[in-house]
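Data first, discussion second: the structure below is written as structure tokens.
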2 protein chains.
Amino acid sequence: MRLSELSESSGVSTATIKYYLREGLLAPGRQVNATTAEYDETHLRRLRLVRAMIQVGRIPVTTVREVLGHVDDDSLGRTIRLGAALWALPHVAEPDEEDGHVRAAHHDVDQLLDTLGWSNAKSLITISPAYRSLVVAVATLRRLGYHWDDELLVSYAQLMHQAAILDLDFVETHPSEAEKVETAVLGAVLVEPMLQALHRLAQEEESARRYGFE
Amino acid sequence: MRLSELSESSGVSTATIKYYLREGLLAPGRQVNATTAEYDETHLRRLRLVRAMIQVGRIPVTTVREVLGHVDDDSLGRTIRLGAALWALPHVAEPDEEDGHVRAAHHDVDQLLDTLGWSNAKSLITISPAYRSLVVAVATLRRLGYHWDDELLVSYAQLMHQAAILDLDFVETHPSEAEKVETAVLGAVLVEPMLQALHRLAQEEESARRYGFE
């Protein structure tokens, strides 16, 4: 398809598409003559991915370029490729390892992983931003003086594991390795706000069931 | 306790506590003489709540004041009181009702609620920001050309309903109505980042289980 058709199919303006091409976020089309290039389904898919990261995920262009670099690096194994792309996405602040609450939170999280039997994630701990995010979240609870119930934390983790199983089952329905990795990145950008909205709506439903409106 | 002790117990500086007092986010202590006021456990609890909203939730002071107004309004029923406080928390952009994708998303979400049997939440739809957030999330998926699997959406919603049951069970372990409402607000601020971190860590664990590290 031509640039104008790519614009129409994607709902992205031709000016924005040209900007993405200049920034290297989208591969050039196949040049058919001096002024015309031809684009295909892979361009359309990539364009949607870029759009989702920039518009919904509010991810800076340089980070999008970095994420796409990992998405396209087929020399990496799948776990690393999925991980490398996700790890380039924005995360919360890094934990301050000098802080006593952070050290205690490391201990809490390590114990949680033992209880859960998440032994595979344990070997990722030294490099995983998700692990550090969890330490920050638990350290915040501690700093504010909340002693969270351990069993509650385990129950939340088990629910999120079920969500992760749904995520990966959905990723695996896609035929090519490239689509699998793209879907995983999209999931991180698009599914998280949806889960948050569903969670809040579920709280309203459950509250209304229990307490009514009186 | 004195102001200095309140500062020590909470880890919040006396200057910040005085600022919260001036802004009306914290009730004045009981004046024991011209220069000294006495604070108690309710001040400490409120201080932690304010701290969590401002530092973790990054909620503006005027919004914090509005949320606390609802938290303290015991003329309201519990569902409304929980809801009114949560609804004042920051939410995503409002849906643009002129947009075709938004209209289609309303239809999707209404159908989802029917499938789930969330009939109590339905009566909140006209006023619930969580409902509008979900419509925005689904409209975004549609705009980007993703046809999400209906069954997948139902499964995610059921997991989030289980999370909401855990939330409310935990809220109910608190003795007073004021603490129940405070815990619900805290949950919205503190539990959401923790669920997000657990979700990402679970994705890494599940990915490593399925694909190893090769």
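The shown structure was predicted, so the numbers you read here are calculated from the model rather than taken from an experiment.
Contacts of B:T140 with chain A are made by side-chain atoms alone, with heavy-atom separations under 4.5 Å and no backbone atom involved. For a residue to count as touching a neighbouring chain, one of its non-hydrogen atoms must lie under 4.5 Å from one of that chain's; by this rule B:A137 touches chain A with the side chain only. Contact of A:L112 with chain B is made through the side chain alone, with heavy-atom distances under 4.5 Å. Using a 4.5 Å cut-off between heavy atoms, B:E172 touches chain A through its side chain atoms alone. For B:L113, the part lying under 4.5 angstrom from a heavy atom of chain A is the side chain only. In this structure, no portion of B:L44 lies under 4.5 Å from any heavy atom of chain A.
Between A:E206 and B:D167, the closest side-chain pair of non-hydrogen atoms is not below 4.5 Å. A:L195 has its side chain out of reach of B:E192: every pair of non-hydrogen atoms, C-beta onward, lies at least 4.5 Å apart. With contacts defined as side-chain heavy-atom distances shorter than 4.5 Å, the pair A:L153/B:M194 qualifies. Taking 4.5 Å as the limit, every side-chain heavy atom of B:L159 sits out of range of all side-chain heavy atoms of A:H161. At a threshold of 4.5 Å between non-hydrogen side-chain atoms, the residues A:L166 and B:E151 do not count as touching.
A salt bridge links B:R210 with A:D169: the distance from a Lys NZ or Arg NE/NH1/NH2 to an Asp or Glu carboxylate oxygen falls below 4.0 Å.
Across all their heavy atoms, B:Q203 and A:A164 have their closest contact at N-CB, 3.7 Å. Across every non-hydrogen atom of A:S207 and B:L168, the tightest pair is N-CD1, 3.5 Å. For the residue pair B:L201 and A:S128, the shortest heavy atom distance occurs at CD1-OG, 4.0 Å. The two residues B:W118 and A:A202 make their nearest non-hydrogen contact at CH2-CB, 3.5 Å.
One N or O on the side chain of B:E205 and one on the backbone of A:N120 form a donor-acceptor pair closer than 3.5 Å.
Expressed to the nearest 0.5 Å, how far CE of B:M160 lies from CZ of A:R200 amounts to 13.0 Å. To the nearest 0.5 Å, atom OH of residue A:Y156 and atom CG of residue B:L198 are 10.0 Å apart.
Summarising the local packing, NE2 of A:H174 is surrounded by more than 12 heavy atoms from other residues, nucleotides or ligands at distances under 6.0 Å.
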